[in-house]
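First up is the structure itself, then whatever we jot down about it.
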Amino acid sequence: MFDEMRPQSGGVRAPYDNIAAWLEATGEETLRRRQAEAEALFRRIGITFAVYGQGGDPERLIPFDLIPRVFGASEWRKLSRGVRQRARALNAFLYDVYHRAEIIKAGIVPEALVYQNEAFLPDMVGFDPPGKVYSHIVGVDVVRTDAVDFQVLEDNCRTPSGVSYMLENREIMMRMFPQLFASCAVEPIDEYPSQLMHTLQEVAPPACKGEPNIVILTPGPLNSAYYEHSFLADLMGVELVEPSDLFVDEGKVWMRTTRGPQRVDVIYRRIDDAYIDPLVFRPDSLLGVPGLFGAYRAGAVTLCSAPGAGIADDKAIYVFTPEMIRFYLGEEPVLKNVQTWRCSLADERDHVLANLKDLVVKRVHGSGGYGMLIGPKATKKQLADFRAQILAEPDDFIAQPTLDLSAAPTLCSDAIESRHVDFRPFCLVGKEVRLTPGGLTRVALTKGSLVVNSSQGGGVKDTWVLSD
Amino acid sequence: MLSRTAQMLFWMSRYIERADATARLIEMGRRMAMLPTANAEWRSVARASGSAADLADDTKATSSDIILRLLLDAENQSSIRCCFAQARANAKAIRSSLTTAMWETLNDQWRLLETLDAEVGVGELPIWLDWAKQRAAAFRGACETSLLRNDGYIFLRLGELVERAEMTLRLLDVKYYVLLPETDVVGGGRDYHQWTSVLRATSALRAYHHVYRGDYTPWGIAEFLVLNPMFPRSAAYCYRTIDQRLNELASLYDGTRFECHDIAAAMVRRLDGCDIQTLFQSGLHEFIEDAIQATNRLSSEIARAYHFES
């Protein structure tokens, strides 16, 4: 296992010098007290994560670990280059599959994998979204297994969440440990909201003259990421709307205000494709804004992300991302993919079934750590269940080796111990590609666990990028 | 601003005001219940609250039943518990239109009443009533010192004032017979308490002293609660302020006026041109009924004018 602070070779890795000294000087007892203070702050501010239908407190705190995860300046340069590269390639891929599909014609991505994919939206074919951008906020989940390489676990091209934790974790840390920041030269991240605003402004419909009216569209307070939706609306100074606040009239999109209807130009939507417009996606659904998709296709409003952007972050498509980077950008991928076997292919499926107990198996369309098998941790029954499921619906599964994720120092119940972490930076794509030096570090708080998802007991950390 | 936001702000402050008024109402009942032969007092509390009216006529209902209905009942949308829960739910739904200070007053300790045992609640009643009043005061304070003075602020204040006007009027309506001049015969101990109970329920006892130098008379009390423009829970104060706020809103909205503006202005004119003698002569009860109706109409007209649901 690669330990981010204390490698097996001994000593402390340079980016963690200050953290190690700080931990030493502060002492565990004080840290524990401060940890409780931090949690009280989160609770009071109301940063909670809603988990419904599982009993217990419906508004839970995501556990916050106050020992930051640190990237050195050169590590970040590499990561940053790789993440931007990926965000550009994914958008190029989206444009391509909804237009001439050169990558399919070139025999790189199999046709069936795209056109028979649920995430592919035929209604989008031939449509040019403003700036040719489909995925405006790309969350790239990155892990590392050694000191040199970063590997991408998956891409999130639709509505990646977690950026509010990136910002709030930093706020809390700065509030609680100002002297630590004074000595460490940490790159600031507070530009993110204004960069997001610029990104959204840049993709306003060409027909929109003057300052575009931007809104964030949320399913409502019951959504697990609702706090984030309102937080971002607040930081950008835009309205947070629910579907019932919007309507379409004469091909234009309006929101209901106290002064009567007001035009809407750009919608940063935090709802799934299926709930955008009942006329197009789900006739049985009461959710959504009737006519919204038609208005979008007519160029009256911009939806961020574009409907159908999910085809780029599909786990079956993921395999081809390095090829996309070569094909569209003519560059070598900076970040590696994790080796992935597709169960839809007979020989790869055989390999997966033969090695099930060593692999991680994921559902192609799953998310949030649900519907996932971690071979080495699974019971015999779970292994048998997955075997049966894979045989029944091979197309729905991919498998990857069980990665020995890197671990970072974490304040645990007995001591400061290393726990596995991953990392999600948030790359913004408008006319420019922007990346805030930071992101969300998730940590698996249970000893030995590799599952960092907040819905499965994971926690979060502040993430530091050191300046040169 | 979004119509839904206006609606949420309006109702958020209405719920807080209602929780506050209900706490004071229960307090009045509690005090009266300490007097001999004062059982009927809980029934007038139930009636004035509006949400426990059925208990007022139920001879089997005990004071605990009434207290619990008003304090903790999860089924009663107007119980103090539900008022706070709904105010917080509204706040959460429009989190970005609130200041951190406001949100924190609603988010802090909001689940205390959910887990409060009924027996403990009744046993420690004064503590919980104080708690409710303090939450309401903290919320108002946070609004007053942190919220931008824009249309959102006006909707927030309007909800509070409409609720307050209605509560004062409803309380008077339940107690008006106490104030009728016919009962002004001896001013014995019991009458004294009856009258002062009305003042207590509006936290007006001391204020009344300051204005009237101590003599409790039905005329004075009715005048104070209906016509005194200095007392912030009087109908006159509430309506004058509503009228001002609506005018501010009109000037923010390019001078556009609606039916709600006319209702408020008419009510202010009526209260201005009125003295307490005429009010008693023409019928206090009839006046109060009228005013309650006008207040309800005003509330729905505000919603209609600014495109939200009342």
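Given the structure is predicted, the values throughout are model-derived calculations rather than measurements. Below, read A as the first sequence line, B as the second, and so on, with proteins coming before strands; counting in each chain starts at 1.
A donor-acceptor contact closer than 3.5 angstrom links the side chains of Ser78(B) and Arg18(B).
Comparing Thr5(B), Leu2(B), Thr256(B) by how many heavy-atom pairs each has under 4.5 Å with chain A, the most go to Leu2(B). Most heavy-atom pairs under 4.5 Å with chain B, from the set Leu235(A), Thr218(A), Val241(A): that is Val241(A).
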Verdict with supporting geometry, Tyr237(B) and Arg233(B), side-chain hydrogen bond (donor to acceptor under 3.5 Å, both in side chains): CA-CA 7 Å; Tyr237(B) 175 88; Arg233(B) 287 199 170 84; over 6 Å; no
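Residues Tyr253(B) and Tyr306(B) bring their aromatic ring centres within 6.0 Å.
Neither the backbone nor the side chain of Leu249(B) comes within less than 4.5 Å of any heavy atom of chain A. Heavy-atom distances place no part of Phe231(A) under 4.5 Å from chain B, backbone and side chain included. Both the backbone and the side chain of Glu242(A) come within contact range of chain B, with heavy atoms under 4.5 Å apart. Val215(A) does not touch chain B: none of its heavy atoms, backbone or side chain, sits under 4.5 Å away.
The ring-ring contact (aromatic ring centres under 6.0 Å, His included) analysis of residues 130-149 of chain B, with sequence neighbours excluded, yields the pairs Phe84(B)-Trp131(B), Trp128(B)-Trp131(B).
Ion pair Asp272(B)/Arg240(B) flagged as a salt bridge, since at least one NZ, NE, NH1 or NH2 atom sits closer than 4.0 Å to an Asp/Glu carboxylate oxygen.
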